[in-house]
2 protein chains.
Amino acid sequence: MSDRSRPTLATVAARAAVAPSTASLVFAGSDRVAPATRDRVLAAAADLGYAGPDPVARSLRSRRSGVVGAVIGDRLAHAFSDPVSVQLLDGVTEVLSPLGVGLLLLPGDADRHGPTLAQLAHVPLDAVVYATCGLEDDPALVHLQRRGVPVVAVDGPCVDDVVFVGIPDRRGTAELAGHLADLGHRRVAVVTLPLRLDGTRGLVGAARRAGTHHRTVRERTLGVEDTFGPVPAWETAANAVEEGERAGRQLLDVPAGGRPTAVVAQSDVLAAGVLRAADSLGLRVPEDVSVAGFDGAELPWLPPVRLTTVVQPTTEKGRVVGRAVTDLVAGRRPDDVVLDVHLSVGTTTGPPPPS
Amino acid sequence: MSDRSRPTLATVAARAAVAPSTASLVFAGSDRVAPATRDRVLAAAADLGYAGPDPVARSLRSRRSGVVGAVIGDRLAHAFSDPVSVQLLDGVTEVLSPLGVGLLLLPGDADRHGPTLAQLAHVPLDAVVYATCGLEDDPALVHLQRRGVPVVAVDGPCVDDVVFVGIPDRRGTAELAGHLADLGHRRVAVVTLPLRLDGTRGLVGAARRAGTHHRTVRERTLGVEDTFGPVPAWETAANAVEEGERAGRQLLDVPAGGRPTAVVAQSDVLAAGVLRAADSLGLRVPEDVSVAGFDGAELPWLPPVRLTTVVQPTTEKGRVVGRAVTDLVAGRRPDDVVLDVHLSVGTTTGPPPPS
DNA sequence: TTGAAAGCGCTACCAC
DNA sequence: GTGGTAGCGCTTTCAA
């Protein structure tokens, strides 16, 4: 196969006997080109096997690369075991793909949570979405702002010049807490998402709590405390079923007198783990203990149980993010958006056991 | 904030009183620059808030964008509900991220399976990975080859000038079939992955079978038939738990005499669905029916059951793909790779029930 | 409706 | 070690 250098717009233009600028108009889909000329150019392109203008060269002029970064604060295998992250990105791509804009994954790794500068610096980016894990002191964020790359943050971090898209975490959790209180619960425990990404697990003390990196965790804890006052919070090292199970076992494997009558997990995935823990300890849900989650994730392997949870419109959130990105790239500055949530009562919460 | 146009290399060079080429060397990390000069340039950059060379401009010269596309033959929410896809990409990013190369998601949508040309044409790509769903007649593939973008295909499609990374699907399944035969099974049914992405479900007839798009499905079916001869195959519309459950119910909800004594699902996710179906029909596994899968996916919600399955090194496969991409981008042409698989006997297979 | 020319910001090459 | 210079392939005025 002859590996001659690929044809360029200039080659095509020459062959069609038009100026490069005219050929450019043809590929831009301009309607101010005579149909005959257009066909001639297209024919020349076909002859030469020209696949259209080089995206890189085009980007250099147009100042737009068609690439939007998605910061994933962990290894993919971790982050995407959470259906919520996936649904979010699904919503984002649903909006951006038809516009010819692609999502570039910027995962962290086991140690560094968030992309390294090496990952960011060499890649063309029209905008960046902090999809999970918005840290408020991320060095990558500084780099992006300096480069003038607009940023959308999902559920945080809340920083100047970053568009925020989120939900009323606190109000949602408060609603859930109210439901539990109405049922008669008084002894409630919380299983939290990671307060910061350092692999810590266990009961959250005041010092640890003060160092909470994630807005989401903070708000979802406060929502419970708005009703119940200070409650024990057990931190997990990751948003994963195993972690929830581990936490659940710690909280539930105690004599009935000291055991919480309800466990509020800060995600459905964690709640699924707590359900497993209850099961393995021989505790019935909700007769012996109530369990609730957050997200309204579709976990196809969870039925026949229906988890009581706070439903957030995750895919729609992704679409909103997609639209915000579109605006940003077009030079508009979109408003922050706070979407709504609602309580969904399932089969995993009920009155506390008689004491 | 003064929104003056951002500084360029030229600006920085001027301020440091060096030539642009010298400044360029500094940012390239060259060691043939006098330390003093280097510091001067860096200082100038810091003063001006220069975030480093523009990736797009750099790409135009270096003919490298740092972006590798990942073709996902479905919506993200679908494709990534399969942990195998995620693990694969995880392996890919593990290799590429440290090199400053990012993965760009190129999902399809409900109708079009695979990215549209609009998605491909505007985005800079150093290479593309067909991560799932390699169709052999994909128009996008033609576009890429014309553009000179090298392609790596995972488990297919097998096409000229495309590097193939896969596993011995047929041999792996044959080994599994052998295990079942040894246990005494004679009546076996297969639950297949989609033969093509058109939403079809049900028993696979000869015509349908002839139109199989996916190498994987073909091979994994043949592997079973190598031992058992023609067996009933039930096609699912997607690789999802619900689909497996649906298929399982169809195959198992018959009188014991006509019921298969073993069901081989072509993925662990499907097998999990079959297990659910058996459970809901009151069938014990493996006493009443044996169930096996494929992949060796870690499904954290599956225990305490351990699925009998064919384990493939998914993350390693991703790493191999990452290395192949690295080679390709560097102008080398890597060899095709076929990784190994092995049978893992769990608790879901046993002797058939006495007839 | 088409063409000419000027860069986008950078790096590769060659000279010093 | 450093500087000059010529493009990478395209789009975008502006003029014809």
Side-chain angles (χ1 to χ4, degrees), chain A residues 4-42 44-45 48-66 121-126 146-149, chain B residues 4-42 44-45 48-66 121-126 146-149:
Chain A
R4 298 297 324 265
S5 66
R6 304 203 166 270
T8 70
L9 229 209
T11 329
V12 173
R15 184 169 234 260
V18 298
S21 49
T22 305
S24 176
L25 288 177
V26 170
F27 286 105
S30 164
D31 49 358
R32 299 127 70 97
V33 186
T37 318
R38 212 190 52 125
D39 293 346
R40 205 141 38 85
V41 171
L42 259 21
L48 294 169
Y50 179 70
D54 179 323
V56 174
R58 164 208 291 263
S59 301
L60 186 58
R61 289 282 350 192
S62 62
R63 315 290 321 148
R64 203 157 294 170
S65 67
H122 299 317
V123 162
L125 291 172
D126 290 346
R146 172 167 291 191
R147 236 172 83 184
V149 177
Chain B
R4 297 297 325 263
S5 68
R6 299 194 176 278
T8 71
L9 230 210
T11 330
V12 174
R15 185 169 234 259
V18 297
S21 49
T22 304
S24 176
L25 288 178
V26 170
F27 287 104
S30 165
D31 49 358
R32 298 128 68 97
V33 186
T37 317
R38 212 190 51 127
D39 293 347
R40 204 142 37 83
V41 171
L42 260 22
L48 294 168
Y50 179 70
D54 179 324
V56 174
R58 165 206 293 262
S59 301
L60 186 58
R61 286 283 350 187
S62 62
R63 313 294 317 149
R64 202 156 296 170
S65 67
H122 299 317
V123 161
L125 292 173
D126 289 346
R146 171 167 292 191
R147 236 170 83 183
V149 177

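Residue numbers start from 1 in every chain, and the chains themselves are labelled A, B, ... in the order their sequence lines are given, proteins ahead of strands.
- Listed by first and then second residue, the salt bridge (charged side-chain N to carboxylate O under 4.0 Å, His left out) pairs that reach into residues 7-31 of chain A are A:R15-A:D47, sequence neighbours excluded.
- Between A:T11 and A:Y50, the closest side-chain pair of non-hydrogen atoms is not below 4.5 Å.
- Side chain of A:R6 to backbone of B:R146: a donor-acceptor contact under 3.5 angstrom is found.
- A:P124 has its side chain out of reach of A:S59: every pair of non-hydrogen atoms, C-beta onward, lies at least 4.5 Å apart.
- Scanning all heavy atoms of the two residues, the minimum distance from B:L125 to B:S65 falls at N-OG, 4.0 Å.
- Looking only at side-chain heavy atoms (C-beta outward), A:T8 and A:D54 stay at 4.5 Å or farther from each other.
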The contact string for nucleotides 7-16 of chain D, one letter per nucleotide 5' to 3', using protein heavy atoms under 4.0 Å with B, S and - for base, sugar-phosphate only and none, comes out as BBBBBB----

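- A nucleotide of DNA chain C counts as in contact with chain A when one of its atoms lies under 4.0 Å from a heavy atom; the first and last such, 5' to 3', are C:dT1 to C:dG9.
- Contacts of B:V18 with the nucleic acid, taken as non-hydrogen atoms under 4.0 Å apart, involve only primed sugar atoms and P, OP1 or OP2.
- Within the model, atoms CG of A:D126 and OG of A:S62 stand 8.0 Å from one another, a figure rounded to the nearest 0.5 Å.
- Looking at every heavy atom in both residues, A:A45 comes nearest to A:V12 through N-CG1, 3.8 Å.
- Using modelled atom types, no side-chain atom of A:R38 and backbone atom of A:V26 make a donor-acceptor pair closer than 3.5 Å.
- Of all the heavy atoms in B:A121 and A:P55, the pair that sits closest is O-CG, 3.4 Å.
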How does DNA chain C read in dot-bracket, base by base from 5' to 3', with Watson-Crick or G-U pairs under 3.5 Å and | used when the partner is on another strand?
-> ||||||||||||||||

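- The side chain to side chain contact (heavy atoms under 4.5 Å, CB included) check on B:A19 picks up B:S21, B:T22, with sequence neighbours excluded.
- Here the OG atom belonging to A:S24 is positioned 8.0 Å from the CZ atom belonging to A:R58, to the nearest 0.5 angstrom.
- Residue contacts shown for B:A17 are limited to sugar-phosphate atoms, with no base heavy atom under 4.0 Å away.
- Within residues 32-42 of chain A, no residue places a heavy atom under 4.0 Å from DNA chain D.
- Nearest approach of B:A51 to A:R147, heavy atoms of both residues: CB-CG, 3.8 Å.
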